[in-house]
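Reviewing the structure listed below.
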Amino acid sequence: MPHAAQPILDPLAYLADTDTQRLAASMAQEAFSRAFQRSVRATDDRQAQAALKARCHHWCQASAEATAQPLRLALLISGLDQWGLAYSQAFQLRALPALSELIGALRNGLEPRSEARFQRFFEQLEVEECAAIDFKIALRRHIHLALWHAMAACDSDAAATPISQALGSLLLALHARMPTLGWRLLADSLASIQLALLNATPPSELAQRQTHALFAALRQALPAATYQRILAHSGQAVLAWQRARQAH
């Protein structure tokens with residue numbers, strides 16, 4: 001597909017390369033997971049929260065380039081925001097206190113110049129689709145796959161369907177917000193979901209049924225050409241995985 005071969009020019013790549021962006025997505029996932037557990041368990045472990053904040057702060061400050069430090073913070077907080085929104089929608093949560101506390105703690109104490117740079121980078125992430133594209137792809141893959149695993153772990157369709165529907169809504173909202181590059185993020189996420197289903201030993205009937213329903217809902221909601229483009233791209237990734245597996 002000629003469209004898939006076109007390179008994406010990331011305006012932030014000079015401050016955060018691909019590895020850094022993917023690490024930022026992993027950091028956001030780890031930090032959210034810990035904050036989420038504290039929120040749902042209603043624990044008040046101040047020492048654990050302080051350690052998590054210190055770890056995040058240390059990573060943001062680890063870059064030798066001063067301008068890159070507020071960018072790292074913008075990536076991390078953007079990721080935490082998106083994790084929080086996704087889980088709030090999927091599990092109908094009104095608030096995640098530990099997450100809000102962590103985000104506030106990371107924002108507090110920025111000196112004026114760093115605060116201005118942070119705001120500029122944060123807004124750039126929102127309005128420019130190609131800004132930190134590797135971060136966005138990795139982040140969304142983590143979020144969508146986590147929700148899929150949560151759905152697959154349910155013991156009934158009644159419990160699984162709301163999560164699956166929330167996942168579908170998130171995928172469609174992402175495509176609407178990123179009309180040019182969103183299809184790539186969807187293709188990556190759907191490929192990851194397909195691989196997770198293939199790797200299940202054995203895949204449950206519920207997981208297969210819900211995944212089929214998710215793909216069918218996306219097919220109905222998206223323009224036919226867009227859905228076929230997404231499916232072809234994700235199918236290539238699955239096929240490459242299958243060939244690599246057979247080679248071993």
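What you see is a predicted model; the values in this text were computed from it and never measured.
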Nearest atoms (heavy-atom pairs only) where Arg72 meets Cys60: CD-O, 3.8 Å

Qualifying residues under salt bridge (Lys or Arg N to Asp or Glu O under 4.0 Å), relative to Asp17, sequence neighbours excluded: none

same_hphob_cluster(Ile133, Tyr14) at 4.5 Å side-chain heavy-atom cutoff: yes

N/O donor-acceptor pair under 3.5 Å between Lys136 side chain and Leu185 backbone: no

Contacts of Arg113 that satisfy salt bridge (Lys or Arg N to Asp or Glu O under 4.0 Å) - sequence neighbours left out: none

Sub-4.5 Å side-chain heavy-atom contact between Asp10 and Gln21: yes

Distance-minimising heavy-atom pair for Cys154 and Leu206: O-CD1, 3.8 Å

Pairs satisfying ring pair (Phe, Tyr, Trp, His ring centres under 6.0 Å), at least one member in residues 50-75, at least two apart: none

Student check: side-chain heavy atoms of Leu222 and His175 closer than 4.5 Å: yes

Residues that Phe121 engages under ring pair (Phe, Tyr, Trp, His ring centres under 6.0 Å), provided they are two or more places apart: none

hydrophobic_cluster_shared for Leu85 and Ile103, side chain cutoff 4.5 Å: no

Heavy-atom closest pair, residues Ala131 and Leu12: CB-CD1, 3.9 Å

With sequence neighbours excluded, residues passing salt bridge (Lys or Arg N to Asp or Glu O under 4.0 Å) with Arg22: none

For Leu195, the rest of its hydrophobic cluster, which grows through side-chain links under 4.5 angstrom: Leu198, Val238, Trp241

Heavy-atom pair of closest approach, residues His144 and Ser189: ND1-OG, 2.7 Å

Qualifying ring pair (Phe, Tyr, Trp, His ring centres under 6.0 Å) pairs, either residue in residues 196-224, two or more places apart: none

Flag if over 12 foreign heavy atoms under 6.0 Å of CD, Glu111: yes

Salt bridge (charged side-chain N to carboxylate O under 4.0 Å, His left out): pairs with one or both residues in residues 138-153, sequence neighbours excluded: Arg141-Asp188

Which residues share a ring pair (Phe, Tyr, Trp, His ring centres under 6.0 Å) with Phe118, sequence neighbours left out: Phe122

Qualifying residues under side chain to side chain donor-acceptor pair (under 3.5 Å), relative to Thr161, sequence neighbours excluded: Gln210

Minimum-distance pair of heavy atoms, taken over all atoms of Pro97 and Ser39: N-OG, 3.5 Å

Carboxylate-amine/guanidinium contact Arg107 Glu115, below 4.0 Å: yes

Sequence neighbours excluded, every pair satisfying ring pair (Phe, Tyr, Trp, His ring centres under 6.0 Å) that has a member inside residues 67-107: Phe32-Trp83, Phe32-Tyr87, Phe36-Tyr87, Trp83-Tyr87, Tyr87-Phe91

Cluster link Ile230 to Leu239, ILVMFWY, side chain under 4.5 Å: no

Within-4.5 Å side-chain heavy-atom neighbours: Pro179 and Glu129: yes

Euclidean distance, Leu186 CG relative to Ile137 CD1, rounded to 0.5 Å: 11.0 Å

side-chain hydrogen bond (donor to acceptor under 3.5 Å, both in side chains) between Gln165 and Ser169, worked out: CA-CA 6 Å; Gln165 290 176 340; Ser169 296; over 6 Å; no

Within-4.5 Å side-chain heavy-atom neighbours: Ile8 and Arg184: yes

Residue pair Arg34 / Arg38, side-chain heavy-atom distance below 4.5 Å: no

Between Glu65 and Thr67, a side-chain donor and acceptor under 3.5 Å: yes

Contact check, side chains of Met27 and Arg55, non-hydrogen atoms, under 4.5 Å: yes

Closest heavy-atom pair and its distance - Leu99, Gly84: CD2-CA, 3.7 Å

Heavy-atom side-chain contact between Leu73 and Arg117 under 4.5 Å: no

Salt bridge (charged side-chain N to carboxylate O under 4.0 Å, His left out) pairs, two or more places apart, involving residues 210-219: none

